[in-house]
Amino acid sequence: QNAWTLWFFKNDKSRSWEENQGPIITVTTVEDFWSLYNHIEVASRLPAGCDYSLFKEGIFPDWEDVRNAPGGRWMINVDKRQRSQCLDTYWLEILFFLIGEHADQHAHQVNGAVVNVRGKGDKLAIWLADASQPDSITRIGKMIKERLEIDPDQTIGFNIHSEEKARSSSAKKKWFV
């Protein structure tokens, strides 16, 4: 239903954050997606400090984008010792969730996803358009947990972009599943 753009981020200190983000390609079909996926490095093999982002065409993978600003993101932390076992599987399942529009009636809420590869541990985030929709947010969080087969006893949290951006001490995750 949507075209999706894959972005790559490489942390080059001599450039701004925005300049370090670069679009790779926009895919419009499942065939395009597989052609892309089979020709890029898997997330677990990216150097520390690099990210992949997959967002609906026209949405820049940043809190400042007008379509992201009122939203938030579900965050999943992956211990660096689990990188080889979990990261690539989780990322691929999240990509399927996005391009397959698997959020059902909540698909309009899903703007994109990011995988951050870091030395201390990796993160996956599913970005949603509107943080004022608690039922939609909770349902998508549960769908993601089920899809990734995350232990029911393990929680994932939802961060609201405006609160994260403010970095205030009151900025706490609003929802957990």
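Every heavy atom of this structure was used, including side-chain atoms; hydrogens, water molecules and symmetry mates were not.
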Taking only residues two or more places apart in sequence or in another chain, which ones pass side chain to side chain contact (heavy atoms under 4.5 Å, CB included) with [X]?
{"X": "C86", "answer": "V78, Q82, Y90"}
{"X": "P23", "answer": "T5, W7"}
{"X": "T28", "answer": "A3, D32"}
{"X": "I99", "answer": "W4, F33, L54"}

Are any of the side-chain heavy atoms of [X] and [Y] separated by less than 4.5 Å?
{"X": "Q105", "Y": "R139", "answer": "no"}
{"X": "E57", "Y": "N2", "answer": "no"}
{"X": "I144", "Y": "I150", "answer": "no"}
{"X": "V114", "Y": "F55", "answer": "yes"}

Partners passing side chain to side chain donor-acceptor pair (under 3.5 Å) against [X] (at least two apart in sequence or in another chain):
{"X": "W34", "result": "none"}
{"X": "E64", "result": "K165"}
{"X": "D62", "result": "none"}
{"X": "N11", "result": "none"}

- Pair F158-M75, side chain to side chain contact (heavy atoms under 4.5 Å, CB included): steps then yes or no: CA-CA 6 Å; F158 185 81; M75 299 290 297; over 6 Å; no
Kindly compute the distance separating [atom1] ([X]) from [atom2] ([Y]), expressed to the nearest 0.5 Å.
{"X": "F96", "Y": "W91", "atom1": "CZ", "atom2": "CH2", "value": "12.5 Å"}
{"X": "W127", "Y": "N68", "atom1": "CH2", "atom2": "CG", "value": "5.5 Å"}
{"X": "Q85", "Y": "D79", "atom1": "CD", "atom2": "CG", "value": "9.5 Å"}
{"X": "N20", "Y": "S14", "atom1": "CG", "atom2": "OG", "value": "7.5 Å"}
{"X": "H161", "Y": "L128", "atom1": "NE2", "atom2": "CG", "value": "7.5 Å"}
{"X": "L148", "Y": "Q154", "atom1": "CG", "atom2": "CD", "value": "10.0 Å"}

Side-chain ([X]) to main-chain ([Y]) donor-acceptor, under 3.5 angstrom:
{"X": "D51", "Y": "F8", "answer": "no"}
{"X": "D65", "Y": "F60", "answer": "yes"}
{"X": "Q109", "Y": "S136", "answer": "no"}
{"X": "T138", "Y": "P134", "answer": "yes"}
{"X": "K56", "Y": "V110", "answer": "yes"}

- Message: Evaluate I137 against W74 for side chain to side chain contact (heavy atoms under 4.5 Å, CB included), listing each step before the verdict.
- Response: CA-CA 9 Å; I137 291 166; W74 279 108; 3.6 Å; yes
Which heavy atom of [X] sits nearest to which heavy atom of [Y], and what is that distance?
{"X": "A129", "Y": "H108", "result": "CB-O, 4.3 Å"}
{"X": "C50", "Y": "R118", "result": "O-NH1, 3.3 Å"}
{"X": "M143", "Y": "H102", "result": "SD-O, 3.8 Å"}
{"X": "F97", "Y": "A103", "result": "CZ-CB, 3.8 Å"}
{"X": "G72", "Y": "A131", "result": "N-CB, 4.4 Å"}

- Residue pairs passing the salt bridge (Lys or Arg N to Asp or Glu O under 4.0 Å) test where at least one lies in residues 87-104, sequence neighbours excluded: E93-R147
- Query: Which salt bridge (Lys or Arg N to Asp or Glu O under 4.0 Å) pairs, counting each pair once, include a residue from residues 35-48, with sequence neighbours left out?
  - Reply: E41-R45
- Give the C-alpha distance, both sets of side-chain angles, the deciding distance and a yes or no for side chain to side chain contact (heavy atoms under 4.5 Å, CB included) between I40 and L6. CA-CA 11 Å; I40 60 171; L6 182 71; 3.8 Å; yes
- Determine, step by step, whether H106 and Q133 satisfy the side chain to side chain contact (heavy atoms under 4.5 Å, CB included) criterion, reporting the C-alpha distance in whole Å, the side-chain angles of both residues, the deciding distance to 0.1 Å, and the verdict. CA-CA 10 Å; H106 307 288; Q133 303 291 319; over 6 Å; no
- Item | Results of salt bridge (Lys or Arg N to Asp or Glu O under 4.0 Å) for D12 - residues two or more places apart only | none
- Under the salt bridge (Lys or Arg N to Asp or Glu O under 4.0 Å) test, residues paired with R15 that sit two or more places apart: none
- Message: Check this for me: does any side-chain nitrogen of one of D122 and K80 sit under 4.0 Å from a carboxylate oxygen of the other?
- Response: no
- Query: Is it true that D130 and R67 have a side-chain N and a carboxylate O under 4.0 angstrom from each other?
  - Reply: no
- Query: CD of E19: more than 12 outside heavy atoms within 6.0 angstrom?
  - Reply: yes
